[in-house]
Amino acid sequence: MKKYVSIDIGGTAIKYGMIDEDGRILTKRERKTEAHRGGPSILAKASAIVEEFKNSEEISGICISTAGMVDTEKGEIFHSAPLIPEYAGTRFKAVLEERFGVPCEVENDVNCAGLAESVSGAAVGSKSTLMLTVGTGIGGCIVLDGRIYHGFSNSACEVGYMRMCGSDFQTLGAASILTKKVAERKSEPVEYWNGYRIFEEAEKGDDICIRAIDEMADILGMGIANICYVLNPETVVLGGGIMAQEDYLKEKIEAAVSRYLIPSVADRTKICFARHRNDAGMLGAFYHFRERQSGERRKAEA
């Protein structure tokens, strides 16, 4: 059975492991990204990860999910936030294929999460899926008939930059903003607060935490509604660490979407929460690899 190295590169951690040809995760490991060290360091880490497995296993390919805007044809980063210096121009596909002699495919991390949820997660069977990941920022992905829609220049669904209320979607609605808002209103250092504690205190009746969560849910509902007016997806999947609070957030977000989306659309739009959580990047990278390689084989046979 063929095996593949799958690597999910985030701003804080790199999750990686081995996946078999049926999409089963065989091993999972993690190491720090050390994003401040920049693109060359991350490329070296990816290379070391492949080397780590190649010493003991025969690998048939390398699957990469990563932050940043990705040219999927070239398998390289063409735009990145300042969090990772010198990341734009990082040529994962060319460098890793030359070194290890196996195919490598690269895709954006939110696109990978959306693909994972569409293929084997919360959106199985959905013809059109909008995936939103809510964390430090807000990322988006649209999957149509099981395939990621990339747009003309590989920049489709960069919804975090969508203009709203004199600002943008992610500046108003990201999980990181929730933490800053609570800390500021309590006149405490932001280091004292995180998403888990905010929800814990809200459950106990803390008015500041409850209000901040309600405001975040309202912004998310407005943003989702705006996107739905354009894309009209069958399913909206919500992911990111904060969405582990499904029991607390689901009704609030559904109510907010209904406030901003006309009933004829809202009633036919399913809102659900991601199932794959921390495995989404690795699985999505593998599904993307499999799709790209199948396409290459079809071209060769034509």
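Computed over heavy atoms, backbone and side chain alike; hydrogens, waters and symmetry mates excluded.
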Shortest non-hydrogen contact from [X] toward [Y]:
{"X": "A256", "Y": "G221", "result": "CB-CA, 3.7 Å"}
{"X": "F169", "Y": "I219", "result": "CE1-O, 3.6 Å"}
{"X": "M162", "Y": "G223", "result": "CE-O, 3.8 Å"}
{"X": "A225", "Y": "L261", "result": "O-CD1, 3.7 Å"}
{"X": "G173", "Y": "V134", "result": "O-CG1, 3.8 Å"}
{"X": "E52", "Y": "S56", "result": "O-OG, 4.1 Å"}

Less than 3.5 Å apart, any donor N or O on the side chain of [X] or [Y] sitting next to an acceptor on the other?
{"X": "S118", "Y": "Y287", "value": "no"}
{"X": "H288", "Y": "S65", "value": "no"}
{"X": "S47", "Y": "R99", "value": "yes"}

So with a 6.0 Å cut-off around [atom1] of [X], is the heavy-atom count from everything else above 12?
{"X": "K45", "atom1": "NZ", "answer": "yes"}
{"X": "E200", "atom1": "CD", "answer": "yes"}
{"X": "Y196", "atom1": "OH", "answer": "no"}
{"X": "R163", "atom1": "CZ", "answer": "yes"}
{"X": "Y149", "atom1": "OH", "answer": "no"}

TODO: Can you sort out the partners of T66 under side-chain hydrogen bond (donor to acceptor under 3.5 Å, both in side chains), two or more places apart, ordered by chain and number?
DONE: Y87

Heavy atoms, side chains only, cut-off 4.5 Å: are [X] and [Y] in contact?
{"X": "F199", "Y": "D247", "answer": "no"}
{"X": "R290", "Y": "V119", "answer": "yes"}
{"X": "C228", "Y": "P233", "answer": "yes"}
{"X": "D214", "Y": "K252", "answer": "yes"}
{"X": "E291", "Y": "I148", "answer": "no"}
{"X": "I64", "Y": "L96", "answer": "yes"}
{"X": "E201", "Y": "I208", "answer": "no"}
{"X": "V70", "Y": "N154", "answer": "no"}

Salt bridge check: are [X] and [Y] linked by an N-O gap of less than 4.0 Å?
{"X": "E184", "Y": "K181", "answer": "no"}
{"X": "E86", "Y": "R37", "answer": "no"}
{"X": "R292", "Y": "E107", "answer": "no"}

Determine whether [X] and [Y] fall in the same hydrophobic cluster, where Ile, Leu, Val, Met, Phe, Trp and Tyr are linked whenever their side-chain heavy atoms lie under 4.5 Å apart.
{"X": "I19", "Y": "I7", "answer": "no"}
{"X": "I262", "Y": "L220", "answer": "yes"}
{"X": "L144", "Y": "V265", "answer": "yes"}
{"X": "I9", "Y": "V50", "answer": "yes"}
{"X": "M164", "Y": "V236", "answer": "yes"}

[atom1]-[atom2] distance between [X] and [Y], expressed to the nearest 0.5 angstrom:
{"X": "K186", "Y": "I198", "atom1": "NZ", "atom2": "CD1", "result": "9.5 Å"}
{"X": "D71", "Y": "R91", "atom1": "CG", "atom2": "CZ", "result": "12.0 Å"}
{"X": "M243", "Y": "L249", "atom1": "CE", "atom2": "CG", "result": "5.5 Å"}
{"X": "M282", "Y": "K15", "atom1": "CE", "atom2": "NZ", "result": "10.0 Å"}
{"X": "I227", "Y": "M222", "atom1": "CD1", "atom2": "CE", "result": "12.5 Å"}
{"X": "I242", "Y": "M216", "atom1": "CD1", "atom2": "CE", "result": "4.0 Å"}

Judged by atom type as modelled, is there a donor-acceptor pair below 3.5 Å linking the side chain of [X] to the main-chain atoms of [Y]?
{"X": "T33", "Y": "T12", "answer": "yes"}
{"X": "K250", "Y": "I271", "answer": "yes"}
{"X": "T235", "Y": "T129", "answer": "no"}
{"X": "S128", "Y": "E234", "answer": "yes"}
{"X": "K93", "Y": "E105", "answer": "no"}
{"X": "S176", "Y": "A174", "answer": "no"}
{"X": "N108", "Y": "G68", "answer": "yes"}

TODO: Would you please classify the geometry between the F286 ring and the Y4 ring as parallel, tilted or perpendicular, with 30° and 60° separating the classes?
DONE: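 Rings of Y4 and F286: tilted, 30 to 60°.
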
Open item on the list: salt bridge (charged side-chain N to carboxylate O under 4.0 Å, His left out), that's the test. Do D22 and R24 meet it? Break it down for me.
Closed with: CA-CA 6 Å; D22 292 326; R24 290 186 293 252; 3.5 Å; yes

TODO: Quick one: do E76 and V106 satisfy side-chain contact (heavy atoms from CB on, under 4.5 Å)? Show the steps, please.
DONE: CA-CA 7 Å; E76 65 182 52; V106 188; over 6 Å; no

Open item on the list: Apply side-chain contact (heavy atoms from CB on, under 4.5 Å) to residues D279 and I25 and explain how you reach the verdict.
Closed with: CA-CA 9 Å; D279 293 339; I25 298 176; 3.8 Å; yes

- [ ] Could you go through the salt bridge (charged side-chain N to carboxylate O under 4.0 Å, His left out) check for R275 and E117 one step at a time?
- [x] CA-CA 7 Å; R275 289 183 191 165; E117 294 299 330; 5.7 Å; no

TODO: Start with the C-alpha distance between K54 and E51, add both sets of side-chain angles, then the distance that settles salt bridge (charged side-chain N to carboxylate O under 4.0 Å, His left out), and finish with yes or no.
DONE: CA-CA 5 Å; K54 204 168 187 299; E51 191 72 51; over 6 Å; no

Task: Verdict with reasoning, T133 to D109, per side-chain contact (heavy atoms from CB on, under 4.5 Å) - done: CA-CA 10 Å; T133 57; D109 52 359; over 6 Å; no

Task: side-chain contact (heavy atoms from CB on, under 4.5 Å) evaluation trace for C165 with L172 - done: CA-CA 9 Å; C165 305; L172 296 170; 4.0 Å; yes

